[in-house]
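Shown next, in structure tokens, is the structure this report addresses.
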Amino acid sequence: MIVLAVPKGRILDELRPLLRAVGIEPEAAFDDDESRQLRFKTNLPSLEIIRVRSFDVATFVAFGAAQLGVAGNDVLMEFDYGDLYAPLDLGIGACRLSVAEPSDLSQSDDPSRWSHVRVATKYPNITRKHFAARGVTAECVKLNGAIELAPSLGLCQRIVDLVSSGRTLKDNNMVEVERIADVTSRLIVNRTALKTRPEEIGGWVERFREATARNA
Ligand SMILES: Nc1ncnc2c1ncn2[C@@H]1O[C@H](COP(=O)(O)OP(=O)(O)OP(=O)(O)O)[C@@H](O)[C@H]1O
Ligand SMILES: O=P(O)(O)OC[C@H]1O[C@H](OP(=O)(O)OP(=O)(O)O)[C@H](O)[C@@H]1O
């Protein structure tokens with residue numbers, strides 16, 4: 001059996017056509033929002049799909065519980081798991097990881113003068129590394145969502161979060177002040193599985209590569 005781990009949130013809409021293009025048709029419950037099922041059969045007897053939180057996709061694949069997965073490079077950068085290989089950019093889930101602060105603060109602020117910042121984020125490792133590279137100490141407050149609330153309630157002045165349309169920042173009176181990384185979703189593979197089952201796992205990487213190239 002090959003297990004493919006996919007994130008349950010927003011990437012799914014863009015992922016469905018790609019699954020179809022590589023010949024994977026999940027059972028009906030996969031598309032039923034009311035279903036509490038977490039593990040899904042497909043039209044292929046040797047392949048199942050699990051639907052988990054985006055950060056957990058990397059964990060399932062890194063530990064070999066799933067052989068294949070789909071995860072944003074935001075997730076991969078945050079955890080830096082050794083046993084993961086990310087051979088293919090699927091070109092979906094595009095957004096960016098940025099530093100933001102309240103619009104009124106940004107008018108007088110100069111990020112090049114920061115020496116210590118307090119930052120609310122879901123990405124403390126990336127944030128610390130980003131600031132440390134230019135000698136700034138980042139004190140991170142870990143949140144799991146609604147990060148843009150933090151400045152208005154005095155938790156901290158800066159945040160590091162994903163931005164795509166920019167609407168969430170705008171509606172919360174914040175602006176982007178630095179871009180840390182561009183983000184897209186990657187096909188990820190457990191290294192040991194690729195070594196021990198090169199034809200099966202490598203075959204899937206090639207099928208996804210061809211479908212992604214056709215899509216581009
Ligand atoms: N605007 C966006 N906001 C958040 N994530 C985005 C956006 N655009 C693309 N992504 C990608 O989608 C992933 C988030 O997936 P998903 O929607 O499953 O997670 P979530 O519901 O935000 O968080 P969690 O998995 O912690 O519940 C990110 O890791 C990123 O790679
Ligand atoms: O630039 P935008 O198009 O507005 O998208 C960015 C927002 O989307 C994500 O949040 P999500 O909707 O996943 O909710 P969350 O805050 O609970 O993570 C992200 O954390 C930003 O808040």
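Remember, predicted model here, so these are calculated numbers, not experimental data. Indexing begins at 1, ligand by ligand and atom by atom, following the structure's order. FYI, side chains are in, hydrogens and waters are out, and symmetry mates aren't considered; it's all heavy atoms of this structure.
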Sub-4.0 Å protein heavy atom near atom 21 (O) of ligand 1: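 For atom 21 (O) of ligand 1 the answer is no, since every protein heavy atom stays at 4.0 Å or beyond.
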
Arg10 N/O under 3.5 Å from ligand 1 N/O: yes

Backbone or side-chain N or O of Lys122 under 3.5 Å from ligand 1 N or O: yes

CZ/Phe60: more than 12 non-hydrogen atoms of other groups inside 6.0 Å: no

Heavy-atom check, side chain of Val70 versus side chain of Ile188, under 4.5 Å: no

Close side-chain approach of Ile180 to Ile126, heavy-atom, < 4.5 Å: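 In short, these two side chains touch, coming nearer than 4.5 Å.
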
Residues forming a side chain to side chain donor-acceptor pair (under 3.5 Å) with Arg51, sequence neighbours excluded: none

Using a 4.0 Å cut-off to any heavy atom of [X], which atoms of ligand 1 qualify?
X      : result
Cys95  : 6 (C), 7 (C), 8 (N), 9 (C), 10 (N)
Pro7   : 18 (O)
Ser164 : 1 (N)

Is there a donor in the side chain of [X] and an acceptor in the side chain of [Y], or the other way round, less than 3.5 Å apart?
X      : Y      : result
Arg214 : Thr212 : no
Gln67  : Asn190 : no
Asp83  : Thr192 : yes

Looking only at protein heavy atoms, which one is nearest to [atom], and what is the separation?
atom                    : value
atom 13 (C) of ligand 1 : Ile11 CD1, 3.8 Å
atom 29 (O) of ligand 1 : Asp74 OD2, 2.6 Å
atom 5 (N) of ligand 1  : Leu162 CD1, 3.2 Å
atom 26 (O) of ligand 1 : Arg53 NH2, 3.1 Å

Val3 backbone acceptor or donor facing Arg39 side chain under 3.5 Å: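 No, because the side chain of Arg39 does not come within donor-acceptor range (under 3.5 Å) of the backbone of Val3.
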
The single option from Glu101, Glu178, Glu139 passing salt bridge (charged side-chain N to carboxylate O under 4.0 Å, His left out) against Arg158: Glu101

Selected option - heavy-atom contact closest to atom 19 (O) of ligand 1, from Gly166, Gly9, Ser54: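 Ranked by closest heavy atom to atom 19 (O) of ligand 1, first place is Ser54.
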
Salt bridge (charged side-chain N to carboxylate O under 4.0 Å, His left out) partners for Asp104, two or more places apart: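 None.
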
Mode of Val75 contact toward ligand 1 - side chain, backbone, both, neither (heavy atoms, under 4.0 Å): side chain

Per-residue contact class, Val183 against ligand 1 - non-hydrogen pairs under 4.0 Å: side chain

Ser103 and Asn173: CA distance, side-chain angles, deciding distance, side chain to side chain donor-acceptor pair (under 3.5 Å) verdict: CA-CA 6 Å; Ser103 319; Asn173 307 311; 5.6 Å; no

Residues 140-149, side-chain donor-acceptor partners within the protein, below 3.5 Å, at least two apart:
unit_1 : atom_1 : unit_2 : atom_2 : d
Lys142 : NZ     : Asn144 : OD1    : 2.8

salt_bridge(Glu200, Arg197) N-O dist < 4.0 Å: yes

Ligand 1 contacted by Gly93 (non-hydrogen, < 4.0 Å):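 Gly93 counts as a contact of ligand 1 under the 4.0 Å cut-off.
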
List, pair by pair, the atoms of ligand 2 and of the protein that are both N or O and lie under 3.5 Å apart, giving the separation rounded to 0.1 Å.
unit_1   : atom_1 : unit_2 : atom_2 : d
ligand 2 : 1 (O)  : Ser164 : N      : 2.8
ligand 2 : 1 (O)  : Ser165 : N      : 3.2
ligand 2 : 1 (O)  : Gly166 : N      : 2.8
ligand 2 : 3 (O)  : Ser164 : OG     : 2.9
ligand 2 : 3 (O)  : Ser165 : N      : 2.9
ligand 2 : 3 (O)  : Ser165 : OG     : 2.6
ligand 2 : 4 (O)  : Thr168 : N      : 2.9
ligand 2 : 4 (O)  : Thr168 : OG1    : 2.5
ligand 2 : 8 (O)  : Arg10  : NH2    : 3.4
ligand 2 : 12 (O) : Arg10  : NH2    : 2.5
ligand 2 : 13 (O) : Arg10  : NH2    : 2.6
ligand 2 : 16 (O) : Ala146 : N      : 2.9
ligand 2 : 20 (O) : Asp161 : OD1    : 3.2
ligand 2 : 20 (O) : Asp161 : OD2    : 2.9
ligand 2 : 22 (O) : Glu148 : OE1    : 3.3
ligand 2 : 22 (O) : Glu148 : OE2    : 2.8
ligand 2 : 22 (O) : Asp161 : OD2    : 3.4

